[in-house]
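Atoms considered below: every heavy atom in the structure, side chains included; atoms not considered: hydrogens, waters and symmetry mates. Sequential numbering from 1 along the given sequence is applied to the chain's residues.
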Amino acid sequence: QVQLVESGGGSVQAGDSRRLSCLASGRTFSTYAKAWFRQIPGKEREFVAGIRWDGGSTQYADSVKDRFFISRDNAKNTVDLQMNDLRPEDTAVYYCAATVTMSLPTGAKEYDYWGQGTQVTISS
């Protein structure tokens, strides 16, 4: 089993930056795609950003492109999400996810492991 634990959530003002981090433990493999999703009450979990197992490819939702940046450190089993120029519409619970694959999925159903989520709230 793989355990994912997010950290870095909190309340910030619009325009601020915030960095989320996710630490993996347990049975970890190097060929994990990792991603960040977010969810607000009553809505589907939404893909935010993903990174291939080797860091060679990344994908972003259009709504966060050029503002959010995903990175990973396989030696430390971490994946981070740097969020810049935050907006009130970015308010959500952010989840870290992982799955064993050589590709980079963007659908929530394609990920097998999830963290417990961390709340990010942006006020205007």
Side-chain angles (χ1 to χ4, degrees):
Q1 277 291 355
V2 174
Q3 292 80 42
L4 303 174
V5 179
E6 303 98 338
S7 61
S11 297
V12 297
Q13 298 286 322
D16 285 351
S17 297
R18 196 81 174 182
R19 189 175 186 89
L20 304 181
S21 187
C22 174
L23 175 64
S25 62
R27 192 182 182 193
T28 56
F29 296 95
S30 59
T31 53
Y32 276 115
K34 292 184 176 178
W36 288 92
F37 288 76
R38 65 188 181 186
Q39 189 170 26
I40 60 175
K43 293 216 167 180
E44 297 276 326
R45 198 163 289 190
E46 170 191 38
F47 174 83
V48 175
I51 187 165
R52 202 174 67 184
W53 68 276
D54 59 353
S57 179
T58 56
Q59 285 201 51
Y60 296 92
D62 287 343
S63 59
V64 306
K65 206 168 287 184
D66 298 325
R67 297 189 299 124
F68 289 14
F69 300 94
I70 190 170
S71 60
R72 67 187 293 163
D73 185 333
N74 286 345
K76 297 180 179 178
N77 289 322
T78 58
V79 58
D80 290 353
L81 183 68
Q82 177 65 40
M83 305 185 294
N84 300 324
D85 189 25
L86 284 162
R87 303 167 182 170
E89 54 264 38
D90 294 319
T91 295
V93 177
Y94 283 73
Y95 295 90
C96 174
T99 191
V100 179
T101 180
M102 301 290 279
S103 64
L104 180 50
T106 60
K109 294 181 179 179
E110 298 173 273
Y111 285 83
D112 297 314
Y113 303 103
W114 293 87
Q116 81 287 352
T118 185
Q119 176 72 44
V120 176
T121 303
I122 298 92
S123 55
S124 57

Do the non-hydrogen side-chain atoms of [X] and [Y] ever get within less than 4.5 Å of each other?
| X | Y | value |
| --- | --- | --- |
| Ser25 | Asn77 | no |
| Phe68 | Leu81 | yes |
| Tyr32 | Thr101 | no |
| Val48 | Tyr60 | no |
| Lys34 | Trp53 | no |
| Trp36 | Met83 | no |

Donor-acceptor side-chain pairing of [X] and [Y] below 3.5 angstrom:
| X | Y | answer |
| --- | --- | --- |
| Gln82 | Arg19 | yes |
| Glu89 | Thr91 | no |
| Asp80 | Ser71 | no |

- Query: Run the side chain to side chain contact (heavy atoms under 4.5 Å, CB included) check on Gln39 and Tyr95 step by step: do they pass?
  - Reply: CA-CA 8 Å; Gln39 189 170 26; Tyr95 295 90; 3.9 Å; yes

- Message: Looking only at the aromatic ring of each residue, does the gap between the centers of Tyr111 and Phe37 stay below 6.0 angstrom?
- Response: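 Yes - the distance between ring centres of Phe37 and Tyr111 falls below the 6.0 Å cut-off.
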
- Query: Do side-chain atoms of Thr118 reach the backbone of Gly9 as a donor and acceptor pair under 3.5 angstrom?
  - Reply: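 Yes, the answer is positive, given that a donor and an acceptor are paired below the 3.5 Å cut-off.
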
- Item | Short N-O contact, Asp90 and Arg87, less than 4.0 angstrom |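 Not counted as a salt bridge, because no side-chain N and carboxylate O are separated by less than 4.0 Å.
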
- How would you list, by chain and number, every residue that makes a side chain to side chain contact (heavy atoms under 4.5 Å, CB included) with Asp112, sequence neighbours excluded?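 Counting only residues at least two positions away or on another chain, Asp112 forms a side chain to side chain contact (heavy atoms under 4.5 Å, CB included) with Thr99.
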
- Query: side chain to side chain contact (heavy atoms under 4.5 Å, CB included) between Ser63 and Arg38: does it pass, once the steps are laid out?
  - Reply: CA-CA 12 Å; Ser63 59; Arg38 65 188 181 186; 3.4 Å; yes

